[in-house]
Amino acid sequence: MYINEASKRSGATQRAIRLYEALGLLNVPRSGKYRVYNDKHIELIKIIREAQTLGIQLSDLLILKSQDEDLDWQLVSAFLIQQEEIVEDKIQTLIVQKKRIADYRETIKKCLEGD
C-alpha cells in the first residue's frame with residue numbers, strides 16, 4: 001500500500017509518516033519511486049503515535065530502536081517503567097502543592113475573619 005492508504009489505516013498524517021521515516025524510526029522499501037507500506041509498518045506507526053500521546057518524544061524512541069530496525073522491547077519496557085516513576089513523582093509533588101494551597105487558603109480565610 002502507498003502512503004495515502006497507510007495514513008488512513010494508521011490514523012497518522014502523511015506528514016507525520018514522512019517525519020518518522022526521516023528520523024529513521026520507520027524504514028519503508030521503495031518500489032520504483034513509491035514507498036510501499038505493509039501491516040507491520042502500520043502497527044509501528046500506531047505504536048509511535050501512542051507513545052507520543054503518552055508524552056514520549058520521538059528522540060526517545062530513536063534511542064529505543066534495535067539494530068534490526070524494530071523497537072527493542074526490553075528497552076521500551078524499562079523506559080516505560082522509568083516514565084511511570086517520573087509521573088508518580090509529579091503526582092506526589094502535585095498532592096503536596098494542593099495541600100499547601102488549601103493551607104494557604106485557610107490562612108487567608110482566618111485573616112479575613114479577623115478583620
Side-chain angles (χ1 to χ4, degrees):
M1 79 189 83
Y2 298 127
I3 195 165
N4 186 41
E5 182 67 18
S7 174
K8 288 177 186 174
R9 290 186 53 196
S10 68
T13 64
Q14 291 181 29
R15 183 176 178 190
I17 293 170
R18 287 187 185 104
L19 175 62
Y20 304 157
E21 291 174 26
L23 292 173
L25 287 170
L26 186 63
N27 294 309
V28 182
R30 290 182 178 267
S31 176
K33 66 178 184 172
Y34 296 103
R35 292 178 185 93
V36 180
Y37 300 83
N38 60 35
D39 289 335
K40 185 177 177 184
H41 296 122
I42 301 305
E43 289 306 311
L44 185 53
I45 293 167
K46 288 178 180 180
I47 288 169
I48 293 168
R49 291 185 70 233
E50 180 65 22
Q52 288 182 289
T53 67
L54 297 173
I56 298 171
Q57 302 294 313
L58 294 176
S59 58
D60 292 329
L61 290 174
L62 278 172
I63 295 167
L64 301 174
K65 265 186 74 173
S66 65
Q67 297 301 323
D68 65 354
E69 306 302 333
D70 202 359
L71 291 172
D72 181 328
W73 296 111
Q74 288 183 337
L75 282 177
V76 171
S77 180
F79 180 80
L80 290 174
I81 290 168
Q82 180 184 17
Q83 290 301 111
E84 191 173 22
E85 291 170 356
I86 290 169
V87 168
E88 186 60 39
D89 287 345
K90 288 179 183 178
I91 289 170
Q92 294 307 315
T93 299
L94 289 171
I95 288 171
V96 169
Q97 185 177 1
K98 181 179 178 184
K99 171 77 170 100
R100 289 180 61 210
I101 289 170
D103 292 347
Y104 189 56
R105 289 180 65 211
E106 191 61 34
T107 300
I108 291 171
K109 181 179 175 184
K110 287 178 184 176
C111 287
L112 290 173
E113 289 172 356
D115 285 342

Report the distance from atom [atom1] of [X] to atom [atom2] of [Y], rounding to the nearest 0.5 Å.
X	Y	atom1	atom2	result
Asp72	Lys65	CG	NZ	12.0 Å
Ile45	Leu26	CD1	CG	5.0 Å
Asp60	Gln83	CG	CD	6.5 Å
Lys99	Ile101	NZ	CD1	12.0 Å
Arg18	Thr13	CZ	OG1	9.0 Å
Glu106	Lys110	CD	NZ	5.5 Å

Work out which heavy atom in [X] is nearest to a heavy atom in [Y]; give both atom names and the distance.
X	Y	result
Asn27	Gly24	ND2-O, 4.2 Å
Tyr20	Gln52	OH-OE1, 2.8 Å
Tyr2	Tyr34	CE2-CB, 3.5 Å
Ser7	Ala12	OG-O, 2.5 Å

Would you kindly confirm whether [X] and [Y] end up in one hydrophobic cluster when ILVMFWY residues are joined by side chain heavy atoms under 4.5 Å apart?
X	Y	answer
Ile91	Leu54	no
Val76	Leu62	yes
Phe79	Ile86	no
Leu44	Leu80	yes
Trp73	Leu58	yes

Can a donor-acceptor pair be found, under 3.5 Å and without considering hydrogens, that links the side chain of [X] to the backbone of [Y]?
X	Y	result
Thr107	Asp103	yes
Arg9	Ile42	no
Arg49	Ser10	yes

message: Quick check on side-chain contact (heavy atoms from CB on, under 4.5 Å): which of Gln92, Lys98, Gln97 does Ile95 satisfy it with?
response: Gln92
task: Determine, step by step, whether Arg35 and His41 satisfy the side chain to side chain contact (heavy atoms under 4.5 Å, CB included) criterion, reporting the C-alpha distance in whole Å, the side-chain angles of both residues, the deciding distance to 0.1 Å, and the verdict.
output: CA-CA 11 Å; Arg35 292 178 185 93; His41 296 122; over 6 Å; no
field: Atom CZ of Arg15: over 12 foreign heavy atoms under 6.0 Å
entry: no
message: If you count heavy atoms of other groups shown closer than 6.0 angstrom to CD of Glu84, is the number above 12?
response: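 Open: at most 12 neighbouring heavy atoms sit under 6.0 Å from CD of Glu84.
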